[in-house]
There are 2 protein chains.
Amino acid sequence: MKKKKADLKDLFELSEFFKFFGDSTRIRIIEFLRQGEQSVLAIANYLEMGQSAISHQLRILRMANLLTFRREGKTIYYRLDDEHVEKIFQLGLEHILHKRGK
Amino acid sequence: MKKKKADLKDLFELSEFFKFFGDSTRIRIIEFLRQGEQSVLAIANYLEMGQSAISHQLRILRMANLLTFRREGKTIYYRLDDEHVEKIFQLGLEHILHKRGK
DNA sequence: TTTATATATGAATGTTTATTCATATATTCA
DNA sequence: TGAATATATGAATAAACATTCATATATAAA
């Protein structure tokens, strides 16, 4: 793995990127969407949280280009939109499971 | 890459883990330490921030077992203490550089 | 066109958290 | 032992942010 040089702007952006993963609601949304696309209500039910809270978080992930969506009638289906998201999620998960010897 | 099952506790811990990367000061510390161990003052000078602010952040990273340190006289040298930290940093960096077409 | 359903969003609230300031601790040197 | 240097830490402050509530928008169905 070659080390790439990162300037101040890169590092700021990098921390902003990781911030998206640093919230348990968003992490749980990402984990759920690893199975494939899901509607807003399906996500809210799965997480046992209000629709509004989920919509707010989806907005954040969508604006970060981590999610895309498609509309089908009244329903909007969200899906993961970045291979890196899966990879980073997976690597982080491996880390904590390994650290815990699971 | 095999998908591992994650329960609620795992996901909460995972988001806590990513939180460490989701702050520009901590990300800059991690980036600086990729070169090798550095003293607290060296870090503070490099980031152009106060010693106290750096100490507080080092404490957080140390308690998360992302850093270790050794003492040499009055000076304490910190270093990265986890291969995953490097990997995740690198993967995240590749992500944002790629997205920007850099 | 009224009603019902799915989603989005602005404002308010409460909580978390990064930094600063003042001070404490630890080590070295005179 | 006293002064100087490196680091740590508690308390205070300010900024960021997640959730809730109320409401808006969009689509479909009656």
Side-chain angles (χ1 to χ4, degrees), chain A residues 8 11-33 36-81, chain B residues 8 11-33 36-81:
Chain A
L8 242 175
L11 294 173
F12 183 78
E13 203 174 325
L14 186 52
S15 67
E16 291 297 304
F17 175 63
F18 281 122
K19 238 171 234 173
F20 299 125
F21 295 84
D23 174 83
S24 61
T25 299
R26 287 192 294 266
I27 271 286
R28 292 176 72 202
I29 291 174
I30 290 169
E31 190 266 345
F32 189 41
L33 293 183
E37 65 177 15
Q38 297 286 350
S39 73
V40 177
L41 276 186
I43 297 170
N45 289 332
Y46 181 73
L47 302 201
E48 293 175 297
M49 290 180 64
Q51 173 267 320
S52 180
I54 299 301
S55 263
H56 278 295
Q57 294 309 322
L58 287 173
R59 183 174 192 273
I60 290 171
L61 293 169
R62 189 185 43 190
M63 281 174 35
N65 295 308
L66 303 185
L67 300 183
T68 46
F69 61 95
R70 74 184 173 85
R71 169 160 238 141
E72 193 178 304
K74 280 172 293 192
T75 306
I76 294 185
Y77 294 95
Y78 280 89
R79 67 165 66 234
L80 297 182
D81 182 40
Chain B
L8 242 175
L11 294 174
F12 183 76
E13 203 175 326
L14 185 53
S15 67
E16 290 299 303
F17 174 64
F18 281 122
K19 241 169 231 176
F20 299 125
F21 295 84
D23 174 84
S24 60
T25 299
R26 288 193 294 268
I27 271 286
R28 291 176 71 202
I29 291 174
I30 290 169
E31 190 266 345
F32 189 40
L33 293 183
E37 64 177 17
Q38 297 286 349
S39 72
V40 177
L41 276 186
I43 297 170
N45 289 332
Y46 181 72
L47 302 201
E48 294 176 297
M49 290 179 63
Q51 173 268 321
S52 180
I54 299 302
S55 264
H56 278 294
Q57 295 308 322
L58 288 173
R59 184 174 191 273
I60 290 172
L61 293 169
R62 189 185 46 194
M63 283 175 32
N65 295 308
L66 303 185
L67 300 183
T68 45
F69 60 94
R70 75 184 172 85
R71 166 160 241 141
E72 195 178 303
K74 280 171 295 192
T75 306
I76 294 185
Y77 294 95
Y78 280 89
R79 69 164 66 232
L80 296 182
D81 182 41

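Order of the sequence lines sets the chain letters (A, B, ...), proteins ahead of strands, with each chain counted from 1.
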Working to the nearest 0.5 angstrom, can you tell me the gap between A/Ile29 CD1 and A/Met49 CE?
7.5 Å

Classify the nucleic acid contact of B/Phe69 as base, sugar-phosphate or nothing, counting any heavy atom under 4.0 Å across all strands shown.
nothing

With side chains defined as the heavy atoms from C-beta onward, is the minimum distance between B/Leu33 and B/Ile43 less than 4.5 Å?
yes

Acceptor/donor pairs from residues 56-68 of chain A side chains to any protein atom, 3.5 angstrom cut, sequence neighbours excluded:
| unit_1 | atom_1 | unit_2 | atom_2 | d |
| --- | --- | --- | --- | --- |
| A/Gln57 | OE1 | A/Arg26 | NH1 | 2.6 |
| A/Arg62 | NH1 | A/Tyr78 | OH | 3.2 |

Students should find that the end-to-end axis angle of the helix from C/dT1-D/dA30 to C/dA30-D/dT1, with five pairs defining each axis and rounding to 10 degrees, is 10°

Rounded distance (Å) that lies between atom P of C/dA18 and atom CE of B/Met63:
12 Å

Want to settle it: does B/Arg62 or A/Arg71 sit nearer the 5' end of DNA chain D, counting the closest nucleotide to each?
B/Arg62

B/Thr75 side, atom OG1; B/Gln38 side, atom CD - distance, nearest 0.5 Å:
11.5 Å

So CG of A/Asn45 and OG of A/Ser39: to nearest 0.5 Å the spacing works out to 8.0 Å

What is the 5' to 3' range of DNA chain D, first to last nucleotide, that sits under 4.0 Å from any heavy atom of chain A?
D/dC17 to D/dA28

Could I get the full list of ring pair (Phe, Tyr, Trp, His ring centres under 6.0 Å) partners for B/Phe18, not counting sequence neighbours?
A/Phe21

With sequence neighbours left out, write down each residue that passes ring pair (Phe, Tyr, Trp, His ring centres under 6.0 Å) with B/Phe32, or none if nothing qualifies.
B/Tyr46

Give, for atom CD1 of A/Ile27 and atom CD of B/Glu16, the distance between the pair rounded to the nearest 0.5 Å.
10.5 Å

In residues 48-60 of chain B, what residues come within less than 4.0 Å of DNA chain D, judged by heavy atoms?
B/Gln51, B/Ser52, B/Ser55, B/His56, B/Arg59

Nearest atoms (heavy-atom pairs only) where A/Gly22 meets B/Lys19
O-CE, 2.8 Å

Contact class for B/Tyr77 vs. all strands (heavy atom < 4.0 Å): base, sugar-phosphate, or nothing?
nothing

Before accepting this row, confirm whether a basic side-chain N of the pair B/Arg28/B/Glu31 lies closer than 4.0 Å to the acidic partner's carboxylate O.
no

